[in-house]
There are 2 protein chains.
Amino acid sequence: MNNSNRTVISRRSRPAKEPLSKDLIVKTALELLKNEGSSGLSMRKIAKALDTGPSSLYVYVTNLQELSAYVLDYGLDKVVLPDAQDGSWKTNLFDALNSYLTVLYESPGIAELALTTIPVGSHSLALMEYILGRLHEGGIRSTSAAWGVDLLLLYATSVAFEQASRDQKGTTLNTILTSYESLDVMRYPMIANLRDELLSSGERFRWGLEVILQGILQRQD
Amino acid sequence: MNNSNRTVISRRSRPAKEPLSKDLIVKTALELLKNEGSSGLSMRKIAKALDTGPSSLYVYVTNLQELSAYVLDYGLDKVVLPDAQDGSWKTNLFDALNSYLTVLYESPGIAELALTTIPVGSHSLALMEYILGRLHEGGIRSTSAAWGVDLLLLYATSVAFEQASRDQKGTTLNTILTSYESLDVMRYPMIANLRDELLSSGERFRWGLEVILQGILQRQD
DNA sequence: ACCTGAACACCGTTCAAGT
DNA sequence: ACCTGAACACCGTTCAAGT
């Protein structure tokens, strides 16, 4: 089966072992994150997937935190920013944020990263730049625009993350449901009253975006 | 010093060892979280602080995740909800959120927990109930109110968390600064232009709250 | 310059055994 | 009913040693 019995062992399971590189490490890490969730993003697991020891990774990456930032940005590769020439600024803005949301939905781990990692990669920057551009088209500038990007991205990220946490574990959803169901109507009359709406989703994302946009448009400075 | 030399060893360093209890565990955990940040919240460290082994904790708490939820809620103990009789609904709403923000500022670890833990404890519920009440006073009901609470709390939490991440490490701030400073003006003209505003804070929190409120008020359904 | 093995100092959780 | 010790299966990171 192998033409020599000295050192080289046949590798049929993998498409020939690529040499290690930052790129390959990030790619592998993202794959693990997508498949196993946030617990898949570990130095040891990445190393194992690359058929090496964890210490080998430190040649290309200073630590897990830095690697996480790379993985986040690489994960945002698939976000689609519509041609700004085509639709209205608002439609384009919503479409871009929707694309961002979709990417995060598809891998909850990325949503978690996005929530806790400061975005400095090129894909994050491209998305921010795009949103700023649309806001500018819409006549929103300066401070409002600067803070608006933050607020819009934060909102999208957290909607994705919440959705993800709920999907991830049936337990979690059950926990919430039982918690809200057994709510003390005397102590929390308003929450008890709104129970259904608090848990509904769907239109929610759109609603939030509209609210934020409307608020920003009003409050020009 | 001790009246018997059999089993009981003198305990002068601690105010007499209290028996273990869920309450004591949560209290100790919160203390550790406040002092050491999120890495302080570990079963083993809590156990050590309580002078016992980690396995002892599992009598009172099913796992770390559950404990975290308790710790979060206990941490929100100090949030002040002003008497609804006194000021305007808007002032009261802002004051409550400001108090929430202050509590999170004081211990970044709690902010992190708040961002990633579904709030089901009594203090979280009380805060939600209070905000819903103020929104109701302001004429905001039903869906808008339900989603509005979420949005307002999310916003406050994340402002605190971002601030915390920046304070925690001088490194992080430096990373952002150098990243933005060396920004490719050709590729990201809008970001480069708004660099200063993107990093400023202070008025920021208030601005976001106003934006969200204004947006909600407009968009009644 | 890159890779490896072994070690250090940690994790959460379980479980049989003690009181 | 509670506590303990020891173990299992993990972590991130470092470092001397190899090629």
Side-chain angles (χ1 to χ4, degrees), chain A residues 6-9 11 14 16-26 28-30 32-33 35-72 109 112-113 116-117 168-169 171-172, chain B residues 4 6-9 11 14 16-30 32-33 35-72 109 112-113 116-117 168-169 171-172:
Chain A
R6 277 236 245 93
T7 36
V8 180
I9 303 156
R11 288 200 182 80
R14 276 175 213 267
K17 187 175 181 178
E18 298 174 66
L20 230 44
S21 72
K22 189 178 120 176
D23 221 71
L24 182 61
I25 292 173
V26 173
T28 311
L30 181 58
L32 277 165
L33 181 67
N35 294 336
E36 302 182 25
S38 53
S39 76
L41 195 65
S42 95
M43 291 304 227
R44 295 186 111 101
K45 282 183 181 163
I46 297 164
K48 190 168 281 176
L50 288 166
D51 222 343
T52 180
S55 46
S56 304
L57 307 178
Y58 287 85
V59 181
Y60 303 95
V61 134
T62 48
N63 53 36
L64 180 62
Q65 191 192 303
E66 194 196 277
L67 175 57
S68 300
Y70 293 138
V71 171
L72 168 61
E112 197 170 345
L113 272 187
T116 50
T117 309
Q168 208 176 350
K169 284 201 169 188
T171 341
T172 325
Chain B
S4 130
R6 279 233 245 93
T7 37
V8 180
I9 302 155
R11 288 197 184 84
R14 275 178 214 266
K17 188 175 182 179
E18 299 172 67
L20 230 46
S21 71
K22 190 178 120 177
D23 221 71
L24 182 61
I25 293 173
V26 173
K27 223 173 270 186
T28 309
L30 180 58
L32 278 164
L33 182 67
N35 294 336
E36 302 182 24
S38 53
S39 76
L41 195 65
S42 95
M43 291 303 226
R44 293 184 112 101
K45 282 182 182 164
I46 297 164
K48 190 168 283 176
L50 288 167
D51 222 343
T52 180
S55 46
S56 303
L57 306 179
Y58 287 84
V59 181
Y60 303 95
V61 134
T62 48
N63 53 37
L64 181 63
Q65 192 193 302
E66 195 196 277
L67 176 57
S68 300
Y70 292 139
V71 171
L72 168 60
E112 197 170 345
L113 272 188
T116 51
T117 309
Q168 207 177 350
K169 284 200 170 189
T171 342
T172 325

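Numbered from 1 within each chain, the chains take letters A, B, ... in sequence-line order.
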Could you give me the CA-CA distance, side-chain angles and deciding distance for B:Leu57 and B:Ile46, then say whether side chain to side chain contact (heavy atoms under 4.5 Å, CB included) is met?
CA-CA 9 Å; B:Leu57 306 179; B:Ile46 297 164; 4.1 Å; yes
Start with the C-alpha gap between B:Leu113 and B:Leu33, add the side-chain angles, then the distance that decides, and say whether side chain to side chain contact (heavy atoms under 4.5 Å, CB included) holds.
CA-CA 10 Å; B:Leu113 272 188; B:Leu33 182 67; 3.9 Å; yes
Decide side chain to side chain contact (heavy atoms under 4.5 Å, CB included) for A:Thr117 and A:Gln65; before the verdict, give the C-alpha distance in whole Å, the side-chain angles of both, and the deciding distance to 0.1 Å.
CA-CA 9 Å; A:Thr117 309; A:Gln65 191 192 303; over 6 Å; no
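Proximity of a side-chain donor or acceptor of B:Thr116 to a complementary backbone N or O of B:Glu112 within less than 3.5 Å is detected. Looking only at distances, no side-chain donor or acceptor of A:Thr62 sits under 3.5 Å from a matching main-chain atom of A:Tyr58. Judged purely by atom type and a 3.5 angstrom limit, A:Lys45 uses its side chain to pair as donor or acceptor with the backbone of A:Ser39. Under a 3.5 Å cut-off, the side chain of A:Ser68 and the backbone N or O of A:Leu64 do form a donor-acceptor pair.
One interatomic measurement links the two molecules: CD of B:Glu66 to P of C:dG12, which rounds to 15 Å at whole-angstrom precision. D:dA1 atom C1' lies 18 Å from atom NZ of B:Lys22, rounded to whole Å. Taking atom NZ on A:Lys48 and atom P on D:dG12, their separation rounds to 12 Å, with Å as the unit. Put simply, CD1 on B:Ile25 is 11 Å from P on D:dC2, counting in whole angstrom units. For A:Lys45 and D:dC10, the NZ to P distance is 8 Å, given to the nearest whole Å. Between B:Leu41 atom CG and C:dC10 atom P the separation is 17 Å, expressed in whole Å. Per the geometry, CG belonging to B:Leu57 stands 14 Å off P belonging to D:dG5, to the nearest Å. Separating the CD atom of A:Glu36 from the P atom of D:dC10 is a distance of 11 Å, rounded to the nearest angstrom.
For A:Ser42, whose side chain is taken as the heavy atoms from C-beta onward, the closest listed nucleotide among C:dT4, C:dC3, D:dG12 is D:dG12. In this structure, the nucleotide among C:dT4, D:dC3, C:dC3 sitting nearest to the side chain of B:Val59 is D:dC3.
C:dG5: Watson-Crick or G-U partner is D:dC15, with both key distances under 3.5 Å.
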Find every protein N or O atom lying less than 3.5 Å from an N or O atom of nucleotides 13-15 of chain C, and list the pairs.
{"unit_1": "C:dT13", "atom_1": "OP2", "unit_2": "B:Tyr58", "atom_2": "OH", "d": "2.9"}
{"unit_1": "C:dT13", "atom_1": "OP2", "unit_2": "B:Leu64", "atom_2": "N", "d": "3.0"}
{"unit_1": "C:dT13", "atom_1": "O5'", "unit_2": "B:Tyr58", "atom_2": "OH", "d": "3.3"}

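The residue A:Ser56 sits close to a base: some heavy atom pair falls under 4.0 Å.
The separation of D:dA9 from C:dA9, taken at their P atoms, amounts to 23 Å, rounded to a whole angstrom.
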